[in-house]
2 protein chains.
Amino acid sequence: MAAPPGRMPVMADVARAAGVSHQTVSRVLNGHPNVRAETQARVLAAIDDLGYRPNSSARALVTRRTGVIGVVAVDTAHYGPARTLTGIEHAARAAGYYLSVVTLTEASAGQVREAMDHLARQSVEGYVVIAPQRSVLEGMPEWAGGAPVVAVEGGEARELPVVCVDQEGGARMAVRHLLGLGHRTVGHIAGPRDWLEAEARVAGWRGALEEAGAPVGEPLFGDWRPRSGYELVRSLVERDALPTALFVANDQMAVGALRALAEAGVRVPDDVSVVGFDDVPEAAYYSPPLTTVAQDFTEVGRRGIGILLDLLDSGEPAAESAAREVVPARMVVRASCAAPAR
Amino acid sequence: MAAPPGRMPVMADVARAAGVSHQTVSRVLNGHPNVRAETQARVLAAIDDLGYRPNSSARALVTRRTGVIGVVAVDTAHYGPARTLTGIEHAARAAGYYLSVVTLTEASAGQVREAMDHLARQSVEGYVVIAPQRSVLEGMPEWAGGAPVVAVEGGEARELPVVCVDQEGGARMAVRHLLGLGHRTVGHIAGPRDWLEAEARVAGWRGALEEAGAPVGEPLFGDWRPRSGYELVRSLVERDALPTALFVANDQMAVGALRALAEAGVRVPDDVSVVGFDDVPEAAYYSPPLTTVAQDFTEVGRRGIGILLDLLDSGEPAAESAAREVVPARMVVRASCAAPAR
DNA sequence: GGTGACATTGTTAGCGCTAACATTCACGCC
DNA sequence: GGCGTGAATGTTAGCGCTAACAATGTCACC
């Protein structure tokens, strides 16, 4: 690398070094045809020699394309959203885009709006919003300055392109599995009411019970965290209202549930069967190994970017093509379920 | 909002609407003094009316400041790095910066270099690299185009500002706790060799044993995942080499270990005591609730950004002020440890 | 040998903004 | 009343790049 004279080299420096006009340098950089091979080589050599890097701001200014996609993510302490983010990142980078990420501490409509505003200020070309909650979905402004918006994990979104896992189908599978084992009915520890995923799982649970003609009880609502699974099951034990089978809306609460059952001297799966949701890496090592429903989060992220890129390419103003892609869930059978004791 | 005539309004439109020059608009936007209050109000009204948003590329072009910080993260499926990222994001946004994130699938020096190159192309002003592995640290180019670089979770980094949790101290606490309970020695299931955190925990474990004059065995190296904890403990059981106390380098492997012990009919904590590391949210609900060492990842992220901002403000070319901040670890005692059976 | 077609390169004009300098105006003071 | 002073505003010149057009050269073909 030639020592730069104090400042970073610009296109004109490269042009001078290669003995061409700056426009020719630009052409080489942008892979235009009609540049003589020999000229191109000389320019490339000069670029390498000077350690030149095109200025993205200048380019963005004239092309009106920043190459940045904005991502609004909920607090990534949850397993699912974190994985989804990874999927989004890889897909975006593979397509040559940059990712600007904002994480929300709390899923209020206000925070979503503020986050998208923050991103808009950076002139992102499009948005991917990880929107597992109703309030996030509702906080999303319809018209993001003409930039397309895709919701992932968004369940039945509004007039928005959406990618999500088939939560309801997954829940159905879980409940059918339990019913198939001979359980008369299945109790449900649900996720928070505001969460679309929680809602869909409740719907799947209810649907599967109804189609089997099984009695449908009241779901108990937790907050996804282990503690709430623990406490809800404890309350069930204390009220002596424990069903023989339990469908818990995520693996974290399922751990809490398992713990509460163990403390109460209830054996799993002998006395009570438990199914979780998510298939976190630890699920296979819980006591007992947890039967659960796996979601392919990475795929969700990938497809979200896929839709966004299509929208960007086609120049559609979002909405219109309110695509809705559903990634199937997959049942993972381990040792936490058995036929009911009679 | 006034209907824009097809294109987004620019500063000149605002100027026209407010009856001032574009420069005055710029002054209002940048909070310059010497603007009459009445003029400012008129400009602000026009901005609001037209729905004007400054063009960040144009501004960046002339100020040479993009307001973007690049973050290189390892695959955020791990609990720690994911939380750290959240901490970084909030701190950066609070300071008015944007975050451009790249996640690595594999922690090779090549990928790190490529990631930083990707970010450099976007003209980031500085870098935060989540570098829990030696290979990440080594892949980091020293001179990132004059932009400062801060490593977080980086252990003893090179000539780089670093923020990390006191891994060694945390490990020492864990081992001392076990020793204090009366165990003759403590076995160690370590993390992968390439990880600085794993290495530091081994060092802490060894140090605590040595200072107590306890026999030091060979640590067993896992890969952080539950499965490896499970398999390593199984091998211990099969070789009949199970110590009475086990310090496992993270909670995920600890879950695997607990499972292996349960399957072997070994009671925890009666027969064997176990301490983990991380304090994941589930840890309190394992069977038994896991004694572990908590790390404040959010704080690590926050301090990382803090250092970077200082560097950015002072205009230092990184390196020089090779700060090194250590966040203390905290022991969380639960039910997985007891005095050894005699 | 002239001519059109096409490949290759250069020249010019902005993109939307801020920095630097220029201008205007109001005011206080000798 | 003239004049310095400083606040408030306007004018001009780029930042580094790409798009559009202009200019040149090259070649095939009649």
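The chains referred to below are lettered A, B, ... by the order of the sequence lines, with proteins before strands, and numbering in each begins at 1. Quick caveat: nothing in here was measured; it's all calculated off a predicted structure.
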Margin query: If you assign B/Leu61 and B/Asn34 each to the DNA chain D nucleotide with the nearest heavy atom, which residue ends up on the more 5' nucleotide?
Written below: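 Whichever sits nearer the 5' end wins; that is B/Asn34.
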Side-chain N or O of [X] closer than 4.0 Å to phosphate OP1/OP2 of [N]:
X       : N      : value
A/Arg27 : C/dT8  : no
B/Ser26 : C/dC17 : no
B/Thr63 : C/dA19 : no
B/Thr24 : D/dG10 : yes
A/Arg36 : C/dT8  : no
A/Thr39 : C/dT8  : no

Distance (rounded to the nearest 0.5 Å) between [X] [atom1] and [Y] [atom2]:
X        : Y       : atom1 : atom2 : value
B/Tyr97  : B/Thr66 : OH    : OG1   : 8.5 Å
A/Ser100 : A/Ile69 : OG    : CD1   : 11.0 Å
B/Leu50  : B/Arg16 : CG    : CZ    : 9.5 Å

Calculate the interatomic distance between [X] atom [atom1] and [N] atom [atom2]; express it in whole Å.
X       : N      : atom1 : atom2 : value
A/Asn55 : C/dG16 : CG    : C1'   : 14 Å
B/Glu38 : D/dT9  : CD    : P     : 8 Å
B/Arg65 : C/dC17 : CZ    : P     : 18 Å
A/Met11 : D/dC15 : CE    : P     : 14 Å
A/Arg59 : D/dA19 : CZ    : C1'   : 13 Å
B/Asn30 : C/dC17 : CG    : C1'   : 9 Å
B/Gln40 : D/dT9  : CD    : P     : 10 Å
B/Gln23 : D/dA13 : CD    : P     : 14 Å

Margin query: Is any side-chain heavy atom of A/Val129 closer than 4.5 Å to one of A/Val136?
Written below: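 A/Val136 reaches A/Val129 side chain to side chain.
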Shortest non-hydrogen contact from [X] to [Y]?
X        : Y        : answer
A/Thr298 : A/Arg83  : OG1-NH2, 3.9 Å
B/Ala46  : B/Ala18  : CB-CB, 4.0 Å
B/Leu85  : B/Ile130 : N-CD1, 4.4 Å

Does [X] make a side-chain donor-acceptor contact with the base of [N], cut-off 3.5 Å?
X       : N      : value
A/Arg53 : D/dG16 : no
B/His22 : C/dT18 : yes
B/His32 : D/dT9  : no

Check: Between B/Arg113 and B/Asp117, is there a side-chain N and carboxylate O pair less than 4.0 Å apart?
Finding: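 Judged by the 4.0 Å cut-off on N to carboxylate O distance, B/Arg113 and B/Asp117 do not form a salt bridge.
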What does [X] touch in the nucleic acid at a heavy-atom separation under 4.0 angstrom: a base, only the sugar-phosphate, or nothing?
X       : value
A/Ser21 : base
B/Pro54 : sugar-phosphate
B/Arg64 : sugar-phosphate

Check: Pick from A/Val150, A/Leu119, A/Leu308: which one makes a side-chain contact (heavy atoms from CB on, under 4.5 Å) with A/Tyr127?
Finding: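 Of the listed residues A/Val150, A/Leu119, A/Leu308, the side-chain contact (heavy atoms from CB on, under 4.5 Å) partner of A/Tyr127 is A/Leu119.
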Check: Closest nucleotide of DNA chain C for A/Val20 versus for B/Ala58: which of these residues is on the 5' side?
Finding: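 Mapping each residue to its closest nucleotide by heavy atoms, the 5'-most match is A/Val20.
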Checklist line | Five-pair end axes of the helix from C/dG1-D/dC30 to C/dC30-D/dG1, angle between them (10°) | finding: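 Computed from the C1' atoms at both ends, the axes differ by 60°.
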Item checked: Given C/dC17, C/dG10, D/dC17, the nucleotide with the shortest approach to the side chain of A/Val10 ->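 Among the listed nucleotides, the one closest to the side chain of A/Val10 is D/dC17.
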Checklist line | Listed nucleotide nearest any side-chain atom of A/Val35, set C/dT9, C/dT11, C/dT18 | finding: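 For the A/Val35 side chain, the nearest candidate turns out to be C/dT9.
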